[in-house]
Amino acid sequence: KQEVTQIPAALSVPEGENLVLNCSFTDSAIYNLQWFRQDPGKGLTSLLLIQSSQREQTSGRLNASLDKSSGRSTLYIAASQPGDSATYLCAASGGSYIPTFGRGTSLIVHP
Amino acid sequence: EAGVVQSPRYKIIEKKQPVAFWCNPISGHNTLYWYRQNLGQGPELLIRYENEEAVDDSQLPKDRFSAERLKGVDSTLKIQPAELGDSAVYLCASSLEGEQFFGPGTRLTVL
């Protein structure tokens, strides 16, 4: 059974810092890995999707990498802003397309 | 393009009462998911549909939960009877080529 772990569970940084969020998964036979953000009381917003054949994806200040052999993905946020404050979740989908989510990293960016 | 639509947004019921949630996925998305999210946790998959066929419902508590997607478009998730432990946010998502898009969720409170 796939297990997904996100470290750290919580993070508080000053505005402007570059930061890295980690996601690890136990079964490397994944179809894709997707990063989301979730604002309080809201649904999940897709940030980046990395297919199993890809190594990384970029969108604006966000960059996500995937290393299947080590069972790890990282989300890099450049020049963090207070508007980036949210919970960030990763989901690994196996060959049967069943997504398994981590518990998320709660990020606070203070001015 | 309209996103995933869910209703109601909030529901408060007494235990042992029935409740139903409705989801309309993004047009053209054949895959539909229902998740349950408890506070501080990632979403947990309840059931996944490919068109009108339920292809993974292993995590659905079938004694009290049921779901349908009769015409392969919108879907309904029902709980009967509801228990105190069912209080959670119920999320619907749809996908095309593996990338999931979520609705705003229904927050259920069982008293």
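All chains are named by letter (A, B, ...) in the order of the sequence lines, taking the proteins before the strands, and each is independently numbered beginning at 1. Bear in mind the structure is a predicted one, so any value in this text is a computation, not a measurement.
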Over 12 non-hydrogen atoms of neighbours within 6.0 angstrom of [atom1] in [X]:
X     : atom1 : value
A/K68 : NZ    : yes
A/E3  : CD    : no
A/Q2  : CD    : yes
B/L39 : CG    : no
B/K62 : NZ    : yes

If I take atom CZ from residue B/F101 and atom OG1 from residue A/T45, how far apart are they, to the nearest 0.5 angstrom?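 Those atoms lie 10.5 Å apart.
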
What part of A/Q6 is in contact with chain B, defined as an atom under 4.5 angstrom from a non-hydrogen atom: side chain, backbone, both or neither? neither

N/O donor-acceptor pair under 3.5 Å between B/E99 side chain and A/L49 backbone: no

Test of understanding: clusters of I, L, V, M, F, W, Y form through side-chain heavy atoms closer than 4.5 Å, transitively. Do A/L107 and A/Y76 belong to the same one? no

Please look at B/Q37 and chain A and tell me whether the side chain, the backbone, both or neither of the residue comes under 4.5 angstrom of a heavy atom of that chain. side chain

Does some side-chain heavy atom of B/P43 sit less than 4.5 Å from a side-chain heavy atom of A/L89?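 A side-chain contact exists here, since the closest heavy-atom pair is under 4.5 Å.
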
Grab the two heavy atoms, one from [X] and one from [Y], that are nearest each other, plus how far apart they are.
X     : Y      : value
B/G98 : A/Y31  : CA-CE2, 4.4 Å
A/F36 : B/Q100 : CE2-O, 3.7 Å
B/L91 : A/G43  : CD2-CA, 4.2 Å

